[in-house]
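Computed from heavy atoms alone, side chains included, the values below leave out hydrogens, waters and symmetry copies. Counting begins at 1 with the first residue of the sequence.
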Amino acid sequence: MCSVMGYCDSGFLLEEFQKYFQRTVSRGPDDSRITDTGNGFLGFHRLAIMGLTPSGMQPFSLHGNYLVCNGEIYGFDRIKKQLLGKYSFKSDSDCEILLPLYEEYGTDMFAMLDAEFACILYDSKTQEYIAARDPIGIRPLYYGLDSKGVMVFASEPKNLVGLCENIMPFPPGHFYKNGKFVCYCDIAKAESYSADDMETVCQKIHDKLTAGIEKRLVADAKVGFLLSGGLDSSLVCAVAARKIQGPLRTFAIGMNEDAIDLKYARQTADYIGSRHTEVIISQKEVLASLEEVIHLLGTYDITTIRASIGMYLVCKAIHEQTDIRVLLTGEISDELFGYKYTDFAPSPEEFQKESQKRIRELHMYDVLRADRCISVNALEARVPFGDLDFVRYVMSVNPKLKMNTYGKGKYLLRRAFEKGRYLPPEILWREKAAFSDAVGHSMVDYLKEYADTQYTQKEFEEKKKSYAHAQPFTKESLLYREIFETYYPGQSRMVADFWMPNKSWKGCNVDDPSARVLSNYGASGE
């Protein structure tokens, strides 16, 4: 990951800009640079992944225009060859193609990219700033107005605290120009449903996910894999193991007493022949990391915080003990193929609507978790299930096929990789366990117990009333909110609300986001 920031007007002191921008230096510890565009500042903290030489340092400039981008542009070599007749390039960085693309196509270029990115561009001819974010929001970007009414963009809200009164996430699939946000891609919307039959659907799922994994293996820095032992991360690792030479480096985390998934991760690692590392954590480490995790996340959401503790600690170990710089993860499968709670969807139409909602909000929940936990440890996240071609296709599959009418969740995904013996049957067909629970049921229990000691019932009832938006509804949620407010005072609307199952559906009106509380959880955690 890298960090970008842009102050979109003159009249701001360089020292002030530097102070706010320095807050996210851990995202890009390799090099830092701030450029005065003549009409404001662009800043870049670099984590070198593609084009490791100094020539790949940003901001890039071309004919008086400037650009900073935190991103991976897939297939950039092909685009670069098309541009070579008119433009010369100074580096092997994938992001260097963006300014020439802008000169050729203007803002139409954003819809042309196969990428996960967040960028800020200064157009010297119009003297205006343009910003854009990828369709899923895998790369973070936030914005706000300072006291002078000047627009400020930054990779994380912590860059903007104290500078902007209201901080909001930049909407995925949009670009900002002339004071307006323009949607260039709504990745969740399917114009029509594919007529493909079951066999064709499964084959395309197989082929498109495989392609999405393969393109994310390309890096000039070392690549590793988070392996929880669940279906999604296991599939990513199993496919990758067939695409690269030598054993994968895989990493799993669990509590020291009841980690559900460690044995499954180990089984998968043995099956694919990876070089596997287990990170074991204790109650003390969980509680000691809680405040830091909430600070780095910039959220009060219960399930995001629970799941982030394990991810943060495993990434911390990877950063401290290895020279890996890129991590592939299994996020974004649930939003496409269904959660445990979507088994209760009353109709295919409702399933599709719920999937669309989750895809559009991903940047506030699972994608946010992966980005912050990985980037704060000077690593880059790559998310194959978020491949744009893959997401577009799965969202176009008739939701009748995606509904769990098979007695097994994510049936299409499992069946797509049944041939070829990618995974042992007991891994491929195993029921899902939520990541925060799979790290160890005790982890969530410890968090709840700790929160319970912080307030009497009377204190809880009184304190929760002070929050009009996303009002806490348990002592645990109140504890998280109070910690959040110490670092991001008055900024709760950066997150839409608590991530919870669709309470309007029968069987889903629960008071905890964990799948453990659902009646269909069954043997998921065993």
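For Val376, the side chain to side chain contact (heavy atoms under 4.5 Å, CB included) criterion is met by Ser26, Leu296, Tyr312, not counting sequence neighbours. Among residues two or more places apart in sequence or in another chain, the ring-ring contact (aromatic ring centres under 6.0 Å, His included) test is passed with Tyr176 by Phe153, Phe181. Checked against ring-ring contact (aromatic ring centres under 6.0 Å, His included), His45 has the following partners two or more places apart in sequence or in another chain: Phe21. Remark: Cys164 engages Val152, Leu160, Ile167 in a side chain to side chain contact (heavy atoms under 4.5 Å, CB included) (not counting sequence neighbours). Shown here are the side chain to side chain contact (heavy atoms under 4.5 Å, CB included) partners of Ala381, two or more places apart in sequence or in another chain: Met1, Ile374. The side chain to side chain contact (heavy atoms under 4.5 Å, CB included) test applied to Asp30 returns Leu47, Ala48, Arg325, not counting sequence neighbours.
In Arg33, the CZ atom is crowded: over 12 heavy atoms of neighbouring residues, nucleotides or ligands sit closer than 6.0 Å.
Taking the ring axis of Phe117 as reference, the NZ or CZ atom of Arg139 does not stay both within 45° of it and closer than 6.0 Å to the ring centre. Figure legend: cation-pi geometry between Arg133 and Phe175 absent, as NZ or CZ is not positioned both under 6.0 Å from the six-membered ring centre and within 45° of its axis. Both tests hold for Lys503 against Phe473: distance to the six-membered ring centre under 6.0 Å, angle to the ring axis within 45°.
Looking only at distances, a side-chain donor or acceptor of Arg414 sits under 3.5 Å from a matching main-chain atom of Arg430. Gln352 places no side-chain N or O within donor-acceptor distance of the main-chain N or O of Glu349, the cut-off being under 3.5 Å.
The existence of a salt bridge linking Arg216 and Glu72 is excluded, since no basic side-chain nitrogen approaches an acidic carboxylate oxygen closer than 4.0 Å. Comment: Lys19 engages Glu16 in a salt bridge, judged by a side-chain N to carboxylate O separation of less than 4.0 angstrom. Between Lys340 and Asp334 no salt bridge is recorded (no basic side-chain N to carboxylate O distance below 4.0 Å).
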Could you walk me through whether Thr268 and Leu423 pass the side chain to side chain contact (heavy atoms under 4.5 Å, CB included) test, one step at a time?
-> CA-CA 7 Å; Thr268 297; Leu423 292 169; 3.8 Å; yes

